[in-house]
Number of protein chains: 4
Amino acid sequence: MKKDTRDLLLEVALELFATKGYHATKVSDVVKKAGVAQGTFYWYFESKEEIVLKIMAEGRKKLLEVVHSGYRKEEGNIRDMVDSSKRLMKKLLSFASNNRNLMILLLLKGQGGDEKLRNAISETLVAIEKEFANNIQRAIELQMLEDRDCVEFQAQMLTSLVTGTISRWLFGPMHELNYQPSLSIDKVVDEMVRYEFFGLIGQGGRQ
Amino acid sequence: MKKDTRDLLLEVALELFATKGYHATKVSDVVKKAGVAQGTFYWYFESKEEIVLKIMAEGRKKLLEVVHSGYRKEEGNIRDMVDSSKRLMKKLLSFASNNRNLMILLLLKGQGGDEKLRNAISETLVAIEKEFANNIQRAIELQMLEDRDCVEFQAQMLTSLVTGTISRWLFGPMHELNYQPSLSIDKVVDEMVRYEFFGLIGQGGRQ
Amino acid sequence: MKKDTRDLLLEVALELFATKGYHATKVSDVVKKAGVAQGTFYWYFESKEEIVLKIMAEGRKKLLEVVHSGYRKEEGNIRDMVDSSKRLMKKLLSFASNNRNLMILLLLKGQGGDEKLRNAISETLVAIEKEFANNIQRAIELQMLEDRDCVEFQAQMLTSLVTGTISRWLFGPMHELNYQPSLSIDKVVDEMVRYEFFGLIGQGGRQ
Amino acid sequence: MKKDTRDLLLEVALELFATKGYHATKVSDVVKKAGVAQGTFYWYFESKEEIVLKIMAEGRKKLLEVVHSGYRKEEGNIRDMVDSSKRLMKKLLSFASNNRNLMILLLLKGQGGDEKLRNAISETLVAIEKEFANNIQRAIELQMLEDRDCVEFQAQMLTSLVTGTISRWLFGPMHELNYQPSLSIDKVVDEMVRYEFFGLIGQGGRQ
DNA sequence: TATGAATGAGCGTTCATTCAT
DNA sequence: CATGAATGAACGCTCATTCAT
């Protein structure tokens, strides 16, 4: 069951991009680690840029599947909404935890690359934001949330909260690749969703 | 009143780093735009890396001054706390708005650089997080916030929220350099601080 | 029968190092003369320093083979010893004559280079000195030479004599690269070995 | 009694050329160590090359004075000749010992420099050789040495012997700048002059 | 499919030298 | 005499990409 060379290259490239960064990773590093010749790389991919875009496109697809499959369609009350969000966040965090390299590329190391690279990342975030916006909109229509007339902005804040928290949780304050998360997924989910809906004050905050 | 060459280089370099990214900016670009010879650059800076670190260190210092000077010391009730936070956020957003290039470097384009560059960014975020944590801790001690035993994590979520929102507000969903913010500072501050303390549900959310 | 590119580069580099000196020879000179691209140089060698060290190591090896193979093992009397030395010197001078560029690098032009370069040269001389010391020591043990209790020093004087004479003979007083030796090898060998054993006074010197 | 700036620069430059080599020594190193500004250097010297040539010309002059003043004019017999040579060698070694930096430049580090630099060194050696040749010629005319019809060559061998021995004695086998000579001047002189006149066999060698 | 030698434009950096003050 | 900022040509090296086999 020999590994397909193309997949091997994709895998090795992702690992190196995540470890050393896109720019610092040479094509020669990739082929060396994959155990193939330099030319072989260019049989499968047009350029270094193409492979990273392929990686990110694939990653975005998988990530969006998670986000999209996350919400239950029929919320009833706030508790349902919170539970639903918790389920989504749990899925998201699990996915992130199982795809550390991808998350590094999407959330951290990719930002400094070329225009196209940055756009790919932005598009991913926009897509996530859109999903969140849809959900918020629906909740508003169900009169579960007050209509503050800035759904997009709220979705964007939520996206910032989630992506920032994920990257901080997975890689620690200094973005160390081998950082071991100190909080359990459940604790993070609990706190994050609480924050999502109730902010710092929380449900029982004195007003 | 000839501009000091060193400052000129710093300014030009920041602009180019923000516009094209650190890697894509050549030293020759910087000196060309500054109108000095290649060697002049190396009279003032040891390397391309040094100048970007200098820029970021200086930027971090100014940014932290804003964050640090932001909070009032003697909050009384929740309204005070919220007002205090609003004042801070307003200062932060004004600063960001007036230092777009710096924010690009700190929040967007810097991430893909060398190890040292990324560390410089991480350290900045850590410093902000620390300020936020201090404030949350104080609010807890004043019994204005419930002690959820995860102050650090809360501070980190807050940092994610704020930095993400700022970069999204200033540069739009696609991180365009010339993006014109569509929301006024006051609106952003209102919504962000509301979110900070009350989450999506908000003060008057039906439970 | 295409020449191996690596060997071609080594050969061209040696010639240029000998002609213009290590520092004055640019990598671009080497590749231009070899008719390959700049990058090709770095396919075969890590750096300009590496190639010169490789050249010198190879040269030292060949030189030491000559020195080592030079002496007969079983000298009987002084005449044998003198003849043996003549054979060695003849071999040495032939080698030097056939490897002018190498000798230039080892004896003349290399000295001003980097630390490693100079060390490589010193090590070569030390190795030669050691061979000479062994031979002197053996001659003492055979009671063919008086034990003056300074074998090392004698070997060093001999090394100075031989290397100095070779470089002076091959390249003339002004170290000209295209100098034509004015004395035949046999004459030089005769006089040098006479000097080696009998000094200025010579065998028949009046005392 | 402030040190003359020009002399200071000469002194500092010699030290650095000897320590780091001509090429590795930057003009900025010299002025930094001398505590003057970069421009000052060029008030006193036209170029980096000029200063090293000045240094070497001055050094050669002093060295030749020693060599020239070395021989007694009226040798009588071989013992006189040997004694006379011993006196010269002792002077030479004392001079070398007191001018280590100069000797490094003349005998070791200078060789790899530019054409002019190498010529300056060659000329020095030629001048020494000439002095030696004169002395040998005179000894032949006094019938103290056999006329082997190769006075120049003999002088050259003698020069090789002397210069090689000096550099090896002062700086050790690896040309270390801080090497401490292990033999006393007198021992070196004894052995060197013995070798000069009698070779390895020596006066009492069995023939 | 796969190899790996070859390419060459381009970059960061160096440093001897100049010159206005 | 002295300063030190400014110059700019030049060099070693990189690395994504190509191509003959």
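As the structure is a prediction and not an experimental result, all values here were calculated from the model.
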Discussion item. So, OP1 or OP2 of E:dA6: does either fall under 4.0 Å of a side-chain N or O from C:Thr5?
Written reply: yes

Residues passing the side-chain contact (heavy atoms from CB on, under 4.5 Å) test with A:Leu53, sequence neighbours excluded, are A:Glu49, A:Lys116, A:Leu117, A:Ala120

Within residues 47-57 of chain B, those residues having any heavy atom closer than 4.0 Å to DNA chain F are none

**OP:** For C:Glu46, look at atom CD and say whether over 12 heavy atoms of other residues, nucleotides or ligands are found less than 6.0 Å away.
**Re:** no

Query raised in the report: Can a cation-pi geometry be assigned to B:Lys48 and B:Tyr22, taking NZ or CZ under 6.0 Å from the six-membered ring centre and within 45° of the ring axis?
Result: yes

Ordered by number, residues from residues 11-27 of chain C within less than 4.0 Å of DNA chain F (heavy atoms) are C:Thr25, C:Lys26, C:Val27

* Below 4.5 Å, heavy atoms only, C-beta onward: do D:Gln38 and D:Lys32 meet side chain to side chain? -> no

Under a 4.0 Å heavy-atom cutoff, the residues of residues 30-46 of chain B touching DNA chain E are B:Gln38, B:Gly39, B:Tyr42

Run the side chain to side chain contact (heavy atoms under 4.5 Å, CB included) test on C:Arg6 and C:Phe45 for me, step by step, so that the C-alpha distance in whole Å, both residues' side-chain angles and the decisive distance to 0.1 Å come before the verdict.
CA-CA 9 Å; C:Arg6 192 189 130 98; C:Phe45 307 98; 3.7 Å; yes

All heavy atoms of C:Thr124 vs all of C:Arg60, minimum pair found to be OG1-CD, 3.2 Å

Side chains of A:Ile51 and A:Tyr44: closer than 4.5 Å at any heavy-atom pair?
no

Do B:Ser167 and B:His175 come close enough that some side-chain heavy atom pair is under 4.5 Å?
yes

Let me check something: any side-chain donor-acceptor pairs from residues 9-17 of chain C under 3.5 Å, sequence neighbours excluded? List them with distances.
residue, atom, partner, partner atom, Å
C:Glu11, OE1, C:Lys3, NZ, 2.9
C:Glu15, OE2, C:Lys33, NZ, 3.1

Closest heavy-atom pair, A:Arg100 versus A:Tyr179, reported as atoms and distance to 0.1 Å, is NH2-O, 3.2 Å

Residues, nucleotides or ligands: over 12 heavy atoms within 6.0 Å of A:Asp7 CG = yes

Secondary structure of DNA chain E per the Watson-Crick/G-U criterion (both distances under 3.5 Å; [ ] crossing, | other strand, . unpaired) is .||||||||||||||||||||

What one should report as the nearest heavy-atom pair of A:Leu177 and A:Ala18 is CD2-O, 3.5 Å

